[in-house]
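Only a predicted model underlies this, so the values are computations on that prediction, with no experimental measurement involved.
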Amino acid sequence: MSRVFSYLLLTRGIDKDVLYEFVRKEMLYESADFHNAVFVGYDSSGKPRHAHKRGTVMSNPYKGNVAGSQPEFSFHWHGTSDKIFLFEAPIDMLSYISMQKAKDLQKVLTRENELKYNKTLERELAVVACRWEEHSYATSCSVSDRVLFQCLKDNPNIKNVYLCFDNDEAGQTANKRIADKLNKLNIQNEILIPTHKDWNEDLTLSEKGDERICHQVL
């Protein structure tokens, strides 16, 4: 996992603990042949049904789905809340989660009545650090909506959909198309647009000193 960790942590700026949680659940690994990052999607019975490969060399950023992958089971996370966030790519999903986690932790740390780092604050930070896990997330690995509707089928608790595709013509056209479909089904939805091209650009630019970009408080 050395190349994948280096790529996602250092180059892409993904939060370490967020990344480790997906690795722990065997949803992410490094391929032995070309050292790609492989993002795995499972069905409701726990069987792997989809794998998306992303190259770890910036000069030749290969990406593609493994032959035979079923798009309705592409890389996703099932939570317990009534919210799901849909992205184009796994790295954008991990970037968004990383930004939201950082924002939530910062809100706790800057509270005026808890200037000292004590056991109560330490426990609260631990709870907030895992809050992202309550929600559901999915990546289409395209601009399809098939994984979204599979997640809605598998998780009847979901009532609110957040469409988070890229800030370009293809992404926003897909956002509107899916929103229209959800509206016809009376499913609450909202479109969230990254400030830059995608959520990873928002994350990496914010880490370089840009204003931190967070559009939705989890």
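Contact annotation: the side chain of Glu190 never approaches that of Asn160 to less than 4.5 Å [non-hydrogen atoms, C-beta and beyond]. The shortest distance between side-chain heavy atoms of Val161 and Leu152 falls below 4.5 Å. No side-chain heavy atom of Gln188 sits under 4.5 Å from any side-chain heavy atom of Lys159. Phe39 is listed as a side-chain neighbour of Leu94, based on a closest heavy-atom distance under 4.5 Å. Inter-residue side-chain proximity for Glu72 and Val147 is flagged as unmet; no heavy-atom pair is nearer than 4.5 Å. Using a 4.5 Å heavy-atom threshold, the side chains of Phe73 and Val40 count as separate. Looking only at side-chain heavy atoms (C-beta outward), Pro90 and Arg54 stay at 4.5 Å or farther from each other. In this structure, the side chains of Trp132 and Asp15 stay at 4.5 Å or more apart for every pair of heavy atoms.
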* Could you check Tyr137 against Met93 for side-chain contact (heavy atoms from CB on, under 4.5 Å), going step by step and ending with a plain yes or no? => CA-CA 7 Å; Tyr137 309 87; Met93 173 178 138; 3.6 Å; yes
* To do: Apply side-chain contact (heavy atoms from CB on, under 4.5 Å) to Gln172 and Ile193, showing your working.
  => CA-CA 8 Å; Gln172 294 311 303; Ile193 305 174; 3.5 Å; yes
* Applying ring pair (Phe, Tyr, Trp, His ring centres under 6.0 Å), run through Phe5 and Tyr20 and close with a yes or a no. => CA-CA 9 Å; Phe5 280 141; Tyr20 284 0; 5.2 Å; yes
* To do: Tell me, with the steps shown, if His135 and Ser81 meet side chain to side chain donor-acceptor pair (under 3.5 Å).
  => CA-CA 5 Å; His135 308 300; Ser81 81; 2.7 Å; yes
* Show your reasoning for whether side-chain contact (heavy atoms from CB on, under 4.5 Å) applies to Leu105 and Lys101. => CA-CA 6 Å; Leu105 289 174; Lys101 177 186 172 184; 3.9 Å; yes
* **Test log, rule ring pair (Phe, Tyr, Trp, His ring centres under 6.0 Å), inputs Phe34 and Tyr62** => CA-CA 10 Å; Phe34 297 106; Tyr62 168 79; 8.1 Å; no
* **side-chain contact (heavy atoms from CB on, under 4.5 Å) evaluation trace for His76 with Ile84** => CA-CA 10 Å; His76 63 276; Ile84 186 169; over 6 Å; no
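Counting non-hydrogen atoms of other residues, nucleotides and ligands closer than 6.0 Å to CD of Glu26 gives a total of 12 or fewer. More than 12 heavy-atom neighbours from other residues, nucleotides or ligands sit within 6.0 angstrom of CZ on Phe149. More than 12 heavy atoms of other residues, nucleotides or ligands lie within 6.0 Å of NZ in Lys197, so this atom counts as buried by the packing criterion. For CZ of Arg49, the number of neighbouring non-hydrogen atoms (other residues, nucleotides, ligands) closer than 6.0 Å is greater than 12.
Here the shortest heavy-atom pairing between Cys164 and Asn175 reads N-OD1, 3.9 Å. Scanning both residues, Asn36 and Val4, for their nearest heavy atoms gives O-CG2, 3.8 Å. Nearest heavy atom pair, residue Ser95 against residue Ile14, reads OG-CD1, 3.5 Å. Pairing each heavy atom of Thr11 with each of Thr204, the nearest pair is O-CG2, 3.9 Å. Here the closest heavy-atom approach between residue Leu9 and residue Lys16 is recorded as CD2-CA, 3.6 Å. When all heavy atoms of Gly171 and Glu88 are compared, the closest pair comes out as CA-OE2, 3.4 Å.
Residues Ile191 and Leu185 fall within the same hydrophobic cluster, defined by Ile, Leu, Val, Met, Phe, Trp and Tyr side chains chained together at heavy-atom separations under 4.5 Å. Grouping the Ile, Leu, Val, Met, Phe, Trp and Tyr side chains by contacts below 4.5 angstrom, directly or via other members, places Val57 apart from Leu28.
Between atom CD of residue Glu21 and atom CZ of residue Arg24 there is a gap of 4.0 Å, rounded to the nearest 0.5 Å. The line from CG of Leu148 to OG1 of Thr139 is 11.5 Å long, rounded to the nearest 0.5 Å. To the nearest 0.5 angstrom, Ile178 atom CD1 is 12.0 Å from Asn183 atom CG. The distance from the CG atom of Asp145 to the CG atom of Leu86 is 8.0 Å, given to the nearest 0.5 Å. The structure places OG of Ser98 at 11.0 Å from CD1 of Ile91, a figure rounded to the nearest 0.5 Å. Distance check, rounded to the nearest 0.5 Å: CD1 of Ile158 to OG1 of Thr80 gives 10.0 Å.
For the ring pair (Phe, Tyr, Trp, His ring centres under 6.0 Å) with Trp199, the qualifying choice from Tyr96, Phe165, Phe85 is Tyr96, the only one to do so.
Side-chain atoms of Glu30 and His35 form a donor-acceptor pair, as typed in the model, at a separation below 3.5 Å.
Counting only distance, with no hydrogens or angles, the side chain of Asp166 and the backbone of Asp198 share no donor-acceptor pair below 3.5 Å. At distances below 3.5 Å, at least one donor-acceptor pair connects side-chain atoms of Ser206 with backbone N or O atoms of Leu203.
Under the 4.0 Å criterion applied to side-chain N and carboxylate O atoms, Asp180 and Lys176 are assigned as salt-bridge partners.
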